[in-house]
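Report on the following structure.
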2 protein chains.
Amino acid sequence: MTRKPEPEEKDPARQRRVRRSAGGITLRDVAKLAGVAPITASRALNTPDAVSPEVLRKVRDAVAQTGYVPNMLAGGLASSRSRLVAAVVPTVSGPVFLETVQSLTESLAEHGYQLMLGQSGYADSREDALLEAIIGRRPDGVVLTGIMRSPEGRRRLVSSGIPVVETWDLTPTPIDMLVGFSHEAIGKAVAAFLKQRGRRRVASIHGNDERAVRRHRAFDEAAVELGIGGKRKSAPPAVAVPAPTTLGSGRAALRELLDRSPEIDAVFCSSDLLALGVLTEAQASGVRVPDDLAVIGFGDLGFARDLHPALTTVRIDGTAIGRLAARLIIERVAGRTPDQPVQDIGFSIVERASA
Amino acid sequence: MTRKPEPEEKDPARQRRVRRSAGGITLRDVAKLAGVAPITASRALNTPDAVSPEVLRKVRDAVAQTGYVPNMLAGGLASSRSRLVAAVVPTVSGPVFLETVQSLTESLAEHGYQLMLGQSGYADSREDALLEAIIGRRPDGVVLTGIMRSPEGRRRLVSSGIPVVETWDLTPTPIDMLVGFSHEAIGKAVAAFLKQRGRRRVASIHGNDERAVRRHRAFDEAAVELGIGGKRKSAPPAVAVPAPTTLGSGRAALRELLDRSPEIDAVFCSSDLLALGVLTEAQASGVRVPDDLAVIGFGDLGFARDLHPALTTVRIDGTAIGRLAARLIIERVAGRTPDQPVQDIGFSIVERASA
DNA sequence: CTGAAAGCGCTAACAA
DNA sequence: TTGTTAGCGCTTTCAG
């Protein structure tokens, strides 16, 4: 079923070049079958209201008959709308962002958008190559988990003109749009929460990624201020573990902590996985939670509430973040200006048995 | 910085149409700056060996100066190589496939490919729309987690001509390429393992997704054959829970199981998350693992080995699956025929304390 | 090794 | 409402 050398030249002698079509069905084929011009077929598919019912029917029949699937690369090139949105996460296996990615994927799919996924790694080494790969695809939007730190990266994103949503953090100087919350506020709130629950010698275990570190810095400061940081005015005991955090590193960290500072009565963990590790280690070594030790996590992953004891944790509405990010981008693409391009969606402390 | 109406017509009066360029920097701009033809600039970027060092330098300088980023939509359209690979997972939040997605993303990135992520949901309702969205983007490959059941879907994929890798399963009739393992073999192996460890009244808890069901059917049959299915020749007790499985559903399922069949001495769970739920519930209700009850999971997620007791589980090398799938596609795109287009990567039972 | 011409498949801009 | 024309930005083909 090779394509005929169609556009019959007035002077057949001048025909030389060869068509290199991949042989797929194109809009032209559909249009011809329906007996209309290609642009009319295009309209029937994209803006059905703009064509007569008669034409609509014929085009749809032709599509059904041929099994035509529009080539969105071509469409994107012509319209400069790729209907692609890129998301960058530190790593796919960190379960914290999954909820966001999932809701983003779904929200976008509802509007005919597809998600491109990129992993930056926690060390932002590959970030540059990734950015190039992303911008080169001319996505209609980019969603970053975390804010873009590298000035070079910021510059490239800005000059690309692509709508950007930074998430999971706040900054006074967003690249463009933002849906996040304050890690400092969380650190403070957790310290206050623990004090209010009667804890007096708090400690922390945190991953060494930037956001976790900031939560815990704020936690430490607040703990000192509130006088629950242990002896004198020194910062409370803390153990840093490499990101991404794991159950295993949580267990090891608790051992280290209890070794160094057996007097502690509460631990703030920078992820629920760490907290699960702490619970596990506590159970294995006979430390009673919450009696001897209060444990509080971060993320409110699906399993948190079903643990034994149920895990008190900081809840972030990752689904809302994804949904809002999608909406911001879609609004932007539609040419509208979102009325809340920068949003703090806050957090909450979900109080359960572990603290 | 508007573009000049550049291609000066011989007869300026005939100029009417307006350029609608987005105003970005294109290869033409780079070429002009470097003093070469666009195609030469293209070659300098894509096949540096095919141009003189002199030209290469000039083009690279021009790229650096302008901040040019190639438009891959255009490139993809012209070359029919999108450098995009689509992956379909049931849901992002099921941690089982994460390892595969992660390794796929990384392996592809190394070769300049980007991953497009789609969620099919466990009920394959949206699968059709998803397939259209995917094929429309003309990816260079599609990676499916699980095999494509819908005949309609198979047909569309086949007729699209896109290389397809089905994963995480085996079938005598793959669409194209495949990297998987046998769920039936796993069910049998687990039953044999439990018998060999002295268990005599096994049971199972499984998600209601197709692959889990098949593992457990095989498990049940083997258990009956081996005489460890409980009384007489009836199938061992089982509880089905909705997919995706959770810690909570594991807890509830164990309660139900113990309620109905208190005599059981082993449980095979269709995911590590379920198994964690079983461990949690066992601990909460005073059932000793492994003394009273052996527990075995599936997936060998990161946390399995650090649990208390450490979880015995079926290990699937998800990273290898991702890596191999990427390689198959890249080989195919390069025009080579992979020498092992269908691979059974097997599984192993990781024996730890829980069984 | 370099370049001119001709598309890839689609849609924006105009015109009827 | 429909059609004509001219690209979108790149690469393939063919010819130096």
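Every residue two or more places apart in sequence or in another chain that forms a side-chain contact (heavy atoms from CB on, under 4.5 Å) with L77(A) is listed here: N71(B), A74(B), L77(B). In this structure, the side-chain contact (heavy atoms from CB on, under 4.5 Å) partners of P38(A), at least two apart in sequence or on a different chain, are R28(A), A31(A). In terms of the side chain to side chain donor-acceptor pair (under 3.5 Å) criterion, Q343(A) has no residue partners (sequence neighbours excluded). Applying the salt bridge (Lys or Arg N to Asp or Glu O under 4.0 Å) rule to E106(A) yields no partners; only residues at least two apart in sequence or on another chain are considered.
If you measure from atom CE of M72(A) to atom C1' of dC10(C), you get 11 Å, rounded to the nearest angstrom. Between the CD1 atom of I39(B) and the P atom of dT2(C) there is a distance of 12 Å, rounded to whole Å. Whole-Å rounding puts the N46(B) CG to dT11(D) C1' distance at 8 Å. At whole-Å resolution of the value, CG in L77(B) and C1' in dA6(C) are 13 Å apart. Atoms CG (L73(A)) and P (dG9(C)) sit 11 Å apart, rounded to a whole Å. When the P atom of dG7(C) is taken as reference, atom CZ of R28(A) falls 10 Å away, rounded to whole Å. As a whole-Å value, the separation of N71(A) CG from dG7(C) P is 18 Å. Distance R83(B) CZ to dC8(C) P: 22 Å, rounded to the nearest Å.
Heavy-atom distances to DNA chain C give each of R138(B) and G35(B) a nearest nucleotide, and the one nearer the 5′ end belongs to G35(B).
Between A41(B) and V36(B) the shortest heavy-atom distance is N-CG2, 4.1 Å.
Side-chain nitrogen and oxygen atoms of S80(B) include none within less than 4.0 Å of the OP1 or OP2 phosphate oxygen of dC8(C). Residue S42(B) places at least one side-chain N or O under 4.0 Å from the OP1 or OP2 atom of dT11(D).
Sorted by residue number, the members of residues 52-64 of chain B with any non-hydrogen atom under 4.0 Å from DNA chain C read S52(B), V55(B).
Among I135(A), I134(A), V165(A), the one residue that satisfies the side-chain contact (heavy atoms from CB on, under 4.5 Å) test with V142(A) is I134(A).
At the heavy-atom level, P70(A) lies under 4.0 Å from the strands shown only through sugar-phosphate atoms.
The base of dG3(C) lies close enough to the side chain of R43(B) for a donor and an acceptor atom to sit less than 3.5 Å apart.
When the nucleotides dT12(D), dG7(C), dT11(C) are ranked by their closest atom to the side chain of S79(B), dT12(D) comes out on top. Of the candidates dG9(D), dA4(C), dG9(C), dA4(C) carries the atom nearest the A37(B) side chain, counting heavy atoms from C-beta on.
Sequence neighbours left out, the pairs with a member in residues 326-335 of chain B that pass side chain to side chain donor-acceptor pair (under 3.5 Å) are D176(B)-R332(B), E331(B)-R336(B).
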